[in-house]
Amino acid sequence: MYYYGAHLTQALYRHLVKKAYTSKLPTERAFLSAEMARTILCFFLCLVALLHLSYSGAVTPGKRNVTAVFVFGDSIVDGGNNVFVDSNVTTRFLPYGIDFPTGPTGRFTNGKNPGDFMSQLLRFPRFLPAFMDPKTTGGMILYGVNYASGGSGILDYPGSLFISLNQQIKYFQTTTIPALRTQFNNTEKLSSYLAKSIFVFNSGGNDIEQECSGPVRKEKCASDEFLESLLANFTHQLKIVYNLGARKFVLFGVQANGCNPQHKATLLPTEKCREDINNASKTFNSLLRSSIDRMDKSLPGSNFVFVNTYGIVRNVFDNPQSYGFKVVNQSCCTISTGMRGGACEKYSTPCMDRKTYMYYDGAHFTEALYELLVKKAYNSTLPTEVYPFNVAHLAGLT
């Protein structure tokens, strides 16, 4: 009868409308004329059609068994949390959000980011709310929450303004879980809801950048010991979330950060990218991909999807025209010289043809590239892009 909380299932709504249209019982039709009943039925059917059409554009979502999406990580998936942490963050202002339906929101791109595309592909009716937004309470959290914070990493960095991955998980544990428990008022239903939810993680890039940021360039800027320790921290964090009830995980690997426009000034004449940073990213991704089989065995009922962000992004960088891109080595916006992380100059005018640019600012992609990445994560059948299966398959698992 109930889908969740105070909301009914589609079957019950259909029964209600049929009653409104056909019932002859005065107790059921006391306030409904035939004309009014026809109007309600027409409105209901039109609404269903419109909702279907609104999600039938760029991609075709498949069947799903997903109740919510919870997103954790860094600026790649930050849905606006940093705006509530630092009122001066540059992503509050144009040209960020120039193509987003509501303008600048704190997303580090011109439009939608991977978390937004993921929720659309899974046919949720709205974008995930940012955890730090005071309005993210009550029924707003039932389709999921975005905890990601630009500048964060797997490790904690003392003095950082932003929300570390450890703190994001703690917010989920200490705030969201109790709020959901209140909404459901039923332990079994809450467990089922969490087990059917998808937990998206995009983290590790800032940790590698931090480790490779020394004044002297080395062939190997991050040791194997550091990367193995980083993975150990990450898998521990994933196990905490598993113990809280999560069963479906999507892990985006670290991207090819060495090719970011912000590194152009440090490249040697013969270089296209900082391969020391890229090699560290590839090693971490390889370790992460290998860990999935171990976690599947040690965490009963769990299912993990690894998305090879590095491989997908590097293919676009090396073969842009095959994917409809023209510019891969410079940002769409004017990069501010006084801002950390290659941020856009506040209120500057970005490039006009944003769909042909790979990078929006010095470290983050355009909406066009994020859409391609998430489509690959959702639909690809190539083991070089997703492992052991894609997100569509994960969504359909019971």
Side-chain angles (χ1 to χ4, degrees), residues 55 57-59 61 69 71-82 91 95-122 124 127-128 130 144 146 148-150 198 200-206 250-257 259-262 281 305-317 320 322-328 331-333 341-344 350-351 353-380 385-386 390-392:
Y55 282 93
V59 287
V69 179
V71 176
F72 303 81
D74 53 29
S75 55
I76 303 299
V77 289
D78 186 341
N81 284 299
N82 279 11
T91 53
Y96 290 104
I98 192 170
D99 297 312
F100 195 75
T102 58
T105 58
R107 289 164 171 81
F108 288 71
T109 185
N110 58 303
K112 296 186 283 289
N113 69 21
D116 302 317
F117 283 116
M118 188 69 72
S119 64
Q120 281 191 319
L121 279 166
L122 292 167
F124 287 104
F127 299 123
L128 300 178
N146 185 311
S149 174
I198 285 182
V200 178
F201 287 81
N202 188 105
S203 200
N206 287 329
V250 176
L251 311 180
F252 282 89
V254 176
Q255 68 187 56
N257 283 332
C259 298
N260 291 352
Q262 68 174 341
S281 299
V305 172
F306 169 75
V307 181
N308 184 12
T309 307
Y310 183 99
I312 295 168
V313 167
R314 192 61 194 259
N315 279 340
V316 176
F317 186 87
S322 300
Y323 298 92
F325 292 88
K326 295 178 181 178
V327 184
V328 300
S331 62
C332 173
C333 75
C344 294
C351 63
D353 196 3
R354 292 181 282 278
K355 290 185 178 181
T356 65
Y357 274 69
M358 182 174 174
Y359 288 94
Y360 192 60
D361 65 11
H364 305 96
F365 299 123
T366 57
E367 176 185 73
L369 193 285
Y370 285 137
E371 182 176 14
L372 182 149
L373 172 64
V374 178
K375 279 185 182 179
K376 292 275 191 182
Y378 196 84
N379 295 311
S380 179
E385 294 181 337
V386 290
N390 58 34
V391 177

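All values below were derived from every heavy atom in this structure, side-chain atoms included, with hydrogens, water molecules and symmetry-related copies excluded.
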Task: Shortest non-hydrogen contact from Gly73 toward Ser203 - done: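 What the structure gives for the nearest pair is CA-CB, 4.4 Å.
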Task: Nearest non-hydrogen partners of Gly79 and Ala130, listed with the distance - done: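 In this case the closest contact between Gly79 and Ala130 is O-CB, 4.0 Å.
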Would you say [X] and [Y] make side-chain contact, with heavy atoms under 4.5 Å?
{"X": "Leu121", "Y": "Val374", "value": "yes"}
{"X": "Val328", "Y": "Tyr357", "value": "no"}
{"X": "Phe252", "Y": "Leu373", "value": "yes"}
{"X": "Pro114", "Y": "Asn202", "value": "no"}

Report the distance from atom [atom1] of [X] to atom [atom2] of [Y], rounding to the nearest 0.5 Å.
{"X": "Tyr370", "Y": "Asn110", "atom1": "OH", "atom2": "CG", "answer": "9.5 Å"}
{"X": "Cys259", "Y": "Met358", "atom1": "SG", "atom2": "CE", "answer": "7.0 Å"}
{"X": "Gln262", "Y": "Ser331", "atom1": "CD", "atom2": "OG", "answer": "10.5 Å"}
{"X": "Arg107", "Y": "Thr91", "atom1": "CZ", "atom2": "OG1", "answer": "10.0 Å"}
{"X": "Leu372", "Y": "Phe365", "atom1": "CG", "atom2": "CZ", "answer": "10.5 Å"}
{"X": "Glu371", "Y": "Phe117", "atom1": "CD", "atom2": "CZ", "answer": "4.5 Å"}

Open item on the list: What verdict does the side-chain contact (heavy atoms from CB on, under 4.5 Å) test give for Phe108 and Ile76, after you've listed the backbone C-alpha separation in whole Å, the side-chain angles of each residue and the deciding distance to 0.1 Å?
Closed with: CA-CA 7 Å; Phe108 288 71; Ile76 303 299; over 6 Å; no
Could you work out, with side-chain hydrogen bond (donor to acceptor under 3.5 Å, both in side chains) as the rule, every residue matching [X], not counting sequence neighbours?
{"X": "Ser75", "answer": "His364"}
{"X": "Thr109", "answer": "none"}
{"X": "Tyr310", "answer": "Arg314"}
{"X": "Asn308", "answer": "none"}

TODO: Anything under 30° is parallel, anything over 60° is perpendicular, the rest tilted; go ahead and classify Tyr96 against Tyr360.
DONE: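 Aromatic pair Tyr96/Tyr360 classed perpendicular.
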Task: All pairs passing salt bridge (charged side-chain N to carboxylate O under 4.0 Å, His left out) where residues 353-365 contributes a residue, at least two apart - done: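 Checked against salt bridge (charged side-chain N to carboxylate O under 4.0 Å, His left out) - neighbours excluded - the pairs reaching residues 353-365 are Asp99-Arg354.
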Open item on the list: If we ignore hydrogens and angles and just use 3.5 Å, is the side chain of Ser149 paired with the main-chain N or O of Asn82 as donor and acceptor?
Closed with: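 Judged by distance alone, no pair lies under 3.5 Å.
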Open item on the list: Please evaluate residues Asn260 and Gln255 with respect to the criterion side-chain contact (heavy atoms from CB on, under 4.5 Å), reporting the C-alpha separation (whole Å), side-chain torsions for both, the decisive distance (0.1 Å), and the verdict.
Closed with: CA-CA 10 Å; Asn260 291 352; Gln255 68 187 56; 3.6 Å; yes
TODO: Measure SG to SG for Cys351 and Cys333 and state whether it is below 2.5 Å.
DONE: no
- [ ] Using side chain to side chain contact (heavy atoms under 4.5 Å, CB included) as the criterion, point out the one residue from Asn390, Val69, Val307, Val386 that pairs with Val250.
- [x] Val307
Open item on the list: Could you go through Phe127 and Lys112, starting from their C-alpha distance and side-chain angles, then the distance that decides it, and tell me whether this counts as side-chain contact (heavy atoms from CB on, under 4.5 Å)?
Closed with: CA-CA 9 Å; Phe127 299 123; Lys112 296 186 283 289; 3.6 Å; yes
Open item on the list: So, using salt bridge (Lys or Arg N to Asp or Glu O under 4.0 Å) as the criterion, who are the partners of Asp74 when residues are at least two apart?
Closed with: none
Open item on the list: Quick one, Asp116 with Val77, criterion side-chain contact (heavy atoms from CB on, under 4.5 Å). Give me CA distance, side-chain angles, the key distance, then yes/no.
Closed with: CA-CA 8 Å; Asp116 302 317; Val77 289; over 6 Å; no
